[in-house]
Amino acid sequence: MRLSQYFLPTLRQEPAEAEVVSHKLMLRAGMIRKLASGIYTYLPFGLRALRKVERIVREEMNRIGAQEVLLPLVQPAELWQETERWEKYGKELLRFKDRKEHDFCLGPTHEEVITDLVRKEVRSYRDLPLILYQIATKFRDEIRPRFGIMRAREFIMKDAYSFDADEKGLNRTYERVYEAYNRIFSRCGLRFRAVLADTGAIGGNESHEFMVLAETGEDTLAICEACGYAANVELAEVKTAYRYEEEPERPLEKVSTPAVRTVEEVAEFLGVSPARLVKTLLYVADGEVVAVLIRGDYELNEVKLKNLLGVDSLEMADAETVERVSGAPVGFAGPVGLKVRRLLADFSVRGLKNFVTGANEADAHYVNVNYGRDFPEPEFYDLREVVEGDPCPRCGRPLTLTRGIEVGHIFKLGTKYSAAMRATFLDREGKERPFVMGCYGIGVGRTVAAAIEQNHDQNGIIFPEEIAPFKAIVLTLGPESQLMETSENIYRRLSAEGVDTLWDDRDERPGVKFKDADLIGIPYQVIVGKKFLETGKVELKERATGQREELAPEEVVSRMRDQK
RNA sequence: CGGGGCGUAGCGCAGCCUGGCAGCGCACCUGCCUUGGGAGCAGGGGGUCGGCGGUUCAAAUCCGCCCGCCCCGACCA
């Protein structure tokens with residue numbers, strides 16, 4: 001491709017709208033442009049990177065015997081009603097009516113559609129296992145899209161679905177996909193880690209997320225260096241053994257705490273450590289208010305709470321509900337005299353004596369509170385978020401926390417969808433059974449963004465070779481015909497050898513060409529300039545290391561061909 | 001959804017408080033010149049100042065409503 005004719009609008013200045021590096025660089029390198037919040041256009045250069053990732057995904061999915069399909073983006077409500085997700089999926093599901101007033105939605109995921117297809121077409125255990133996948137546009141009406149293509153509303157995803165005759169089969173299939181994912185992300189040049197994960201809105205039994213390690217990641221991972229345990233903090237178990245000193249229960253006392261609400265404020269006001277405080281969190285779970293107690297220096301893990309309660313919706317109580325239940329404005333709720341049906345507490349509260357809570361009264365807290373005496377003993381569970389240094393649930397050594405970008409997620413679904421949708425086959429004995437399913441996603445666009453997040457410097461992107469839009473760029477540093485001819489010759493021969501090559505034949509000064517080449521991150525730069533006029537040598541510069549080598553033009557061609 | 005911020009040329013911004021010719025840098029076009037890290041000179045084109053309404057002799061500027069975008073939060077108790 002000749003750069004003079006290529007649609008590559010690079011930006012010298014940083015776009016004001018971008019926050020994270022990958023977003024800034026994708027805009028500056030002319031890969032993407034925003035159309036609306038969370039909705040992006042891929043320009044030719046960005047699309048090339050996307051296609052490279054797609055190619056790797058296809059190769060590795062095909063390798064494990066998966067077959068590609070293309071499912072509709074627009075889906076009828078009826079299917080979603082069968083699995084009750086029409087009600088349960090929430091506002092992320094973008095719904096609308098067609099001209100005949102029939103309900104439809106834009107597919108955020110495709111379990112219903114694929115299960116419908118397979119129940120209609122597959123009858124026998126002999127056709128199993130079956131793995132189908134697609135690479136397609138998805139739409140999720142995210143609360144807050146951000147970071148460019150990293151968390152967009154419309155995005156490209158590879159989703160695969162497996163159908164097995166039994167659990168054992170599913171386990172084998174899951175394992176195969178797991179290995180395929182390892183190969184995919186390795187080939188994309190990413191530093192990543194598979195971690196245990198929550199199943200969220202998709203549902204199912206077991207799940208792993210593939211996390212690209214990056215500070216800007218939206219997820220936090222708990223990792224044990226000692227035994228290799230790795231989990232999303234959303235479900236990382238807390239096995240801390242709390243030891244509290246024996247102390248006599250002191251008399252309950254109400255203290256005035258005017259306008260003092262937060263844990264930090266209360267602790268400072270009363271001159272005690274936050275670990276002496278017990279927060280009372282009020283939640284509305286499927287319409288019913290529950291209260292959760294947790295030590296002041298810890299944070300509640302909503303995913304754990306939601307899974308424990310087994311509810312579909314879980315939200316913090318709004319100010320009105322808090323007032324109604326506790327009789328006090330937000331900030332002063334406490335367990336003493338609280339009118340809720342269920343009172344839960346994190347293990348960190350068990351054994352704690354003489355602690356501080358809100359008094360269910362404006363501007364007041366209780367001190368020397370003790371459960372069993374001042375209020376009924378709550379149900380104790382593991383409900384808090386792990387913190388750095390908590391013991392590994394497997395081996396007990398301290399955990400470390402790190403950030404990650406979720407680029408892949410695999411689930412063992414079991415029969416959740418097949419049972420709900422009566423998708424069955426006949427087994428060897430002629431008995432009707434529901435398919436045992438798995439589902440497996442990869443954020444394709446997000447993988448590109450994550451690769452950039454992990455591979456860049458001050459000058460721009462440094463594409464890993466396998467996903468680079470082009471492998472080489474020829475820079476012609478001057479208008480002399482000898483330079484142009486040599487450049488064109490190299491460009492043609494590289495292209496003929498199947499090396500994706502861009503030729504910067506623009507009438508621009510050298511500085512501009514160097515800056516653009518570094519910005520767009522093509523792995524190899526072939527520099528044809530003054531040096532060639534003097535010595536007959538061109539330079540081969542590696543973008544990642546900055547290493548330069550002087551070579552004759554034909555040597556460049558053979559070098560690039562050999563390491564293809 | 002709550003809080004904050006922003007919307008002026010393709011991009012980055014000033015002007016708004018204190019109403020009075022719509023500006024700067026980059027990009028773009030023409031010419032000269034230059035060619036190893038985003039050159040220089042000269043000339044030029046490009047704007048419903050996010051939209052609607054109001055106040056005023058006069059509105060980018062003041063007031064109201066609406067729209068869009070970004071950031072933070074939605075674990076504050």
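In this text, all values refer to a predicted model and were calculated from it rather than measured experimentally.
- If you check B:C62 for Watson-Crick or wobble pairing at under 3.5 angstrom, you find it paired to B:G54.
- Atom CG of residue A:Leu344 and atom OH of residue A:Tyr283 lie 11.5 Å apart, to the nearest 0.5 angstrom.
- Note: CD (A:Glu302) to P (B:C76) measures 10 Å, nearest angstrom.
- Between A:Leu483 and the options A:Leu475, A:Leu533, A:Leu477, a side-chain contact (heavy atoms from CB on, under 4.5 Å) holds for only A:Leu533.
- To the nearest angstrom, P of B:C76 lies 9 Å from OH of A:Tyr283.
- Residue A:Arg144 places at least one side-chain N or O closer than 4.0 Å to OP1 or OP2 of B:C72.
- Taking a pair to require two hydrogen-bonding distances under 3.5 Å in either a Watson-Crick or a G-U wobble arrangement, B:C33 remains unpaired.
- Across the protein-nucleic acid pair, A:Lys91 atom NZ and B:C1 atom P stand 8 Å apart, rounded to whole Å.
- Here A:Lys531 lies in heavy-atom contact (under 4.0 Å) with a base.
- Here the separation of B:A42 from B:C69, taken at their P atoms, is 42 Å to the nearest Å.
- Distance A:Asn459 CG to B:G37 C1': 9 Å, rounded to the nearest Å.
- Contact annotation: A:Arg509 reaches the phosphate of B:A39 (side-chain N/O to OP1 or OP2, under 4.0 Å).
- In A:Glu268, the CD atom is not crowded: 12 or fewer heavy atoms of neighbouring residues, nucleotides or ligands sit closer than 6.0 Å.
- Atom pair A:Phe147:CZ and B:C69:C1' shows a separation of 16 Å (rounding to whole Å applied).
- Across all strands, A:Pro15 comes closer than 4.0 Å only to sugar-phosphate atoms, never to a base (heavy-atom distances).
- In this structure B:C6 sits in a base pair with B:G68, meeting the Watson-Crick or G-U test at under 3.5 Å.
- Checked by atom type, the side-chain pair A:Asp505/A:Gln5 shows no donor-acceptor distance below 3.5 Å.
- Within the nucleic acid shown, A:Ile527 comes within 4.0 Å of at least one base atom, counting heavy atoms only.
- Closest approach of A:Pro479 to A:Met484, counting heavy atoms only: O-CG, 4.1 Å.
- Side-chain atoms of A:Glu539 come within donor-acceptor range of the base of B:G36, with a qualifying N/O pair under 3.5 Å.
- Across all strands, A:Gly358 comes closer than 4.0 Å to no nucleic acid atom at all (heavy-atom distances).
- Counting to the nearest Å, the P atom of B:C11 and the CD atom of A:Glu17 are 9 Å from each other.
- Nucleotides B:G44 and B:C6 are separated by 35 Å at their P atoms, to the nearest Å.
- Distances shown here put every side-chain N or O of A:Ser37 at or beyond 4.0 Å from the OP1 or OP2 atom of B:G68.
- As judged by a 4.0 angstrom heavy-atom cut-off over every strand, A:Asn301 is placed among residues making no nucleic acid contact.
- The base of B:G12 has none of its N or O atoms less than 3.5 Å from a complementary donor or acceptor on the side chain of A:Glu14.
- Across every strand in view, B:C49 sits unpaired, with no contact that passes the Watson-Crick or G-U test at under 3.5 angstrom.
- Applying the 3.5 Å distance criterion, the base of B:G37 shares a donor-acceptor pair with the side chain of A:Arg548.
- In this model, the phosphate group of B:A27 is approached by a side-chain N or O of A:Arg12 to a distance below 4.0 Å at OP1 or OP2.
- Using a 4.0 Å heavy-atom distance criterion, A:Lys279 is classed as a sugar-phosphate-only contact.
- At a cut-off of 3.5 angstrom, counting only N and O atoms as typed in the model, there is a donor on one side and an acceptor on the other between the side-chain of A:Arg28 and the base of B:G38.
- A:Thr220 and A:Arg403 are linked by a side-chain donor-acceptor pair at a separation below 3.5 angstrom, with hydrogens and angles left out of the test.
- For the pair A:Glu19 CD and B:G4 P, the computed distance is 19 Å after rounding to whole Å.
- Heavy-atom distances to RNA chain B give each of A:Glu385 and A:Glu508 a nearest nucleotide, and the one nearer the 5′ end belongs to A:Glu508.
- A residue-by-residue look at A:Glu480 and A:Ala36 shows that A:Glu480 has its nearest nucleotide of RNA chain B further toward the 5' end.
- Using a 4.0 Å heavy-atom criterion, one finds that A:Ile143 contacts the bases of the nucleic acid, with or without backbone contacts as well.
- The distance from atom CG of A:Leu477 to atom C1' of B:U34 is 14 Å, rounded to the nearest whole Å.
- The line from CD of A:Glu315 to CG of A:Leu282 is 14.0 Å long, rounded to the nearest 0.5 Å.
- Nucleotide B:G25 has B:C11 as its partner under the Watson-Crick or G-U criteria, with both atom distances under 3.5 Å.
- Not a single donor-acceptor pair, N or O on each side, falls under 3.5 Å between the base of B:G36 and the side chain of A:Lys515.
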